[in-house]
Student: 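Below is one structure. I have some questions about it.
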Amino acid sequence: MDKPVCLIGTESDGKLCVQQSALQILQQIQQPVVVVAMVGLYRTGKSFLMNRLAGKQTGFALGSTIESKTKGIWMWCVDHPTKAGTTLVLLDTEGLGDVDKGDSKHDTNIFCLAVLLSSTLVYNSRGTIDNRAVEELQYVTELTECIKVKSSDEDADDSSEFVKFFPSFIWTVRDFTLERKIDGKDATDDEYLEFALKLKPGKSKKVMEYNLPRECIQTFFPSRTCFTFSFPTAPENVSRLESLDPADLSSDFLEVTDRFCKLVFHESHVKKLKDGITVTGRVLGNLAKTYVDTISSGAVPCLENAVIAMAMIENESAVKEGLDVYQSGMEKLKDSFPLELKDVSSEHQHLSSMATQTFMKSSFRDTDGKYLISLEENINKLFDGYLCQNEQASKRQCEDLLSSLSAPMMENLKKSFYTRPGGYDLFCKDLEDIVKNYNSQANKEVKAEEVLEEFLKQKSVDSEAILQADNQLTKKEKKIKKETEKASLLQQEIKAKEEKQRQLEEKMEAEKKSNEERMRQMKEKMDLELRLQREEAEHAMDSKLREQAALLEKGFKDKADMMTQELEEFKRQNAEDESNRAKEFTEMLENFNKRHEESMAMMMQQHKEQMQAIQKRPTGCCIM
Ligand SMILES: Nc1nc2c(ncn2[C@@H]2O[C@H](COP(=O)(O)OP(=O)(O)OP(=O)(O)O)[C@@H](O)[C@H]2O)c(=O)[nH]1
Ligand SMILES: [Mg+2]
């Protein structure tokens, strides 16, 4: 992308809507994404800084008047400058707090979407982090009402769960002109932020109001940092934002913005969904659409539902991708048909394993294995189709071979060469030679025995006529010869059926191996999903413990004690979630195995019936 595009715009009725063209761009991005969103009051230099993050001076439109410029949420996808294999998605948002807009709900929605979509949220402000600046971030206090974690318990306060999937937080202060000193000592940016976010003890309503945004920031954004843009050589008119021309920047300014960019690149991680699921560009697009549609319909975006919706979309495409891998590989193999069954089977196994791998890469939360089953069933259907095509090719090849080997015999038949005394023996000798030659050349063909059986049946009509016309043989001799021929025909029929059985067994063996491989991959994926879930819970637990320690240190014993209870509950919930998930996985594996065994048993049964039918058949029904 050489320039940004609008990702979320506003329709004429004021409702938010996702732009199709932006979704198409995201659809193409299969890499994991690091999403940096910048929010803050209007006219504070957000778009300007976003351009710097993209390594450019222009791109996101900058305002040169006091009117707010950016509308909705704009997106720019670039290669991540330091994390290979990931895409950096920059989201520039509409400035908050423009009273002329007269719609504060709109601001809250923009803020929520930035929180929901990003892995790093940059909150941009100007001047200092004073009381007013913190109050301006009142949007954080609305997050609990605007975002739900679980769809089930309507009124549950799941704010403690937020920390599991909320972005990391960077507070930037532009045109910072104060000295960073706390109690007379030099302080770092982070110390400055923590100092500004310090809770005030006391019980009055005012103090509570004053503490609320601070508490919310501390709870929701445990991983936070601060960056102040202070320019010792700041131009005189720096306070007038519109006067800063990007083309005319001091080296100090450039050095500071470079440092800021490095910090952002270093602090921001790949966007993850609940349960540690990695977000690719494609998922991000679907996520944006789901959230915006939910908000536009007046409902509250819910993380659990979003994960379910994402899983559905992703799993469907994962099945398609897996099938593509299988099909394109088999199409290549098809060029060399006819092949021995073992060659087709082993390529089937290999490609089916690759298809499962491809599927596993982008699928998630396929809790009942529905999508993996669909992949398996579709692959098996395709496999049957390819086996059939291989058989047809083999049949053609065997028929061609027989017709060229039997061409002289056909000539002889036409000339009635065998219609003479001793003709039957001559005919049998020629036929034997043809069969010998054929067997040596076609013995590896899947259809060799069946085609030969058919050929011999056809030739038995000629043979009967020749036998009857052969005066050299007595009636008794003719009868014996006829019986011998009948027996050998039946033998060929049995041979053909046995070959079919062998092939079926080979196919079943291939299916068994494919199933084992699929189960292995599924188990691996489940272990990974469980591990991610556990890590996420541990991470959340850590930050809660840190929060509690900080409260204790600052003398808020009551609050810290209250947290102990909350922590216990959190731990219990995590353990329960994990054990539920593990149970789900075990059930799924069991179901899979059961399904496989049933289908194998069915194949065996069909096969048994076929074999019994041959064995029961009276010998007399052979065409002679
Ligand atoms: N003084 C000062 N001016 C800046 C700074 N960064 C950008 N500007 C200038 O401020 C003006 C507005 O910048 P934008 O980046 O458009 O601001 P914005 O926050 O995106 O504005 P909205 O989209 O309306 O919310 C431009 O003329 C920038 O050149 C800064 O750090 N200090
Ligand atoms: Mg802007």
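The figures here come from the full heavy-atom set of this structure, side chains too, leaving out hydrogens, waters and symmetry mates. Both counts, for ligands and for their atoms, begin at 1 and track the order of listing. These numbers were taken from a predicted model, which means no experiment stands behind them.
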Student: Based purely on interatomic distance, does Thr70 place a nitrogen or oxygen under 3.5 Å from a nitrogen or oxygen of ligand 1?
Tutor: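 Yes, at least one N or O pair falls under 3.5 Å.
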Student: Among Leu121, Asn124, Leu137, Val122, which one satisfies side-chain contact (heavy atoms from CB on, under 4.5 Å) with Trp171?
Tutor: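 Exactly one pass, corresponding to Leu137.
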Student: Consider every N or O of Thr44 and every N or O of ligand 1, then say whether any pair is closer than 3.5 Å.
Tutor: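 Yes; the residue has a nitrogen or oxygen that sits under 3.5 Å from a nitrogen or oxygen of the ligand.
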Student: Tell me which pairs pass salt bridge (Lys or Arg N to Asp or Glu O under 4.0 Å) where either residue lies in residues 293-314, with sequence neighbours left out.
Tutor: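 Qualifying pairs, neighbours excluded: Lys274-Glu304, Arg282-Glu314, Lys289-Asp293.
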Student: Is ligand 1 under 4.0 Å from a heavy atom in the side chain of Arg174, in the backbone, in both, or in neither?
Tutor: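 Side chain only.
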Student: Mind checking whether Gly45 has an N or O less than 3.5 Å away from an N or O of ligand 1?
Tutor: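 Gly45 vs ligand 1: N/O contact under 3.5 Å present.
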Student: Determine whether the aromatic ring centres of residues Tyr192 and Phe176 are separated by less than 6.0 angstrom.
Tutor: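 Centroid separation for Phe176 and Tyr192: below 6.0 Å.
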Student: Can you pull the ring-ring contact (aromatic ring centres under 6.0 Å, His included) pairs that have at least one residue in residues 254-311, sequence neighbours excluded?
Tutor: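 ring-ring contact (aromatic ring centres under 6.0 Å, His included) check on residues 254-311 returns His80-Phe265, Phe227-Phe260, Phe229-Phe260.
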Student: Evaluate the side-chain proximity of Glu547 to Thr219: yes if any heavy-atom separation is below 4.5 Å, no if none is.
Tutor: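 Side chain of Thr219 against side chain of Glu547, heavy atoms only: contact under 4.5 Å found.
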Student: More than 12 heavy atoms of other residues, nucleotides or ligands under 6.0 Å from CG of Asp79: is that the case?
Tutor: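 For Asp79, atom CG is not crowded (no more than 12 foreign heavy atoms under 6.0 Å).
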Student: Do any pairs count as a salt bridge (Lys or Arg N to Asp or Glu O under 4.0 Å) and have a residue in residues 7-21, sequence neighbours left out, and if so which ones?
Tutor: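 Qualifying pairs: none.
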Student: Provide the tally of protein N/O/S atoms nearer than 2.8 Å to the Mg ion (ligand 2).
Tutor: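 Atoms of protein N, O or S type lying less than 2.8 Å from the Mg ion (ligand 2) total 2.
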Student: Can you find an N or O of Leu41 that's nearer than 3.5 Å to an N or O of ligand 1?
Tutor: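 No, there is no polar N/O contact under 3.5 Å.
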Student: Are any of the N/O atoms on Ser47, whether in the backbone or the side chain, positioned under 3.5 angstrom from an N/O atom of ligand 1?
Tutor: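 N/O-N/O distance under 3.5 Å: yes.
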Student: What I want to know is whether Lys46 and ligand 1 share at least one N or O pair that is separated by under 3.5 angstrom.
Tutor: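 It does: an N or O of Lys46 is found under 3.5 Å from an N or O of ligand 1.
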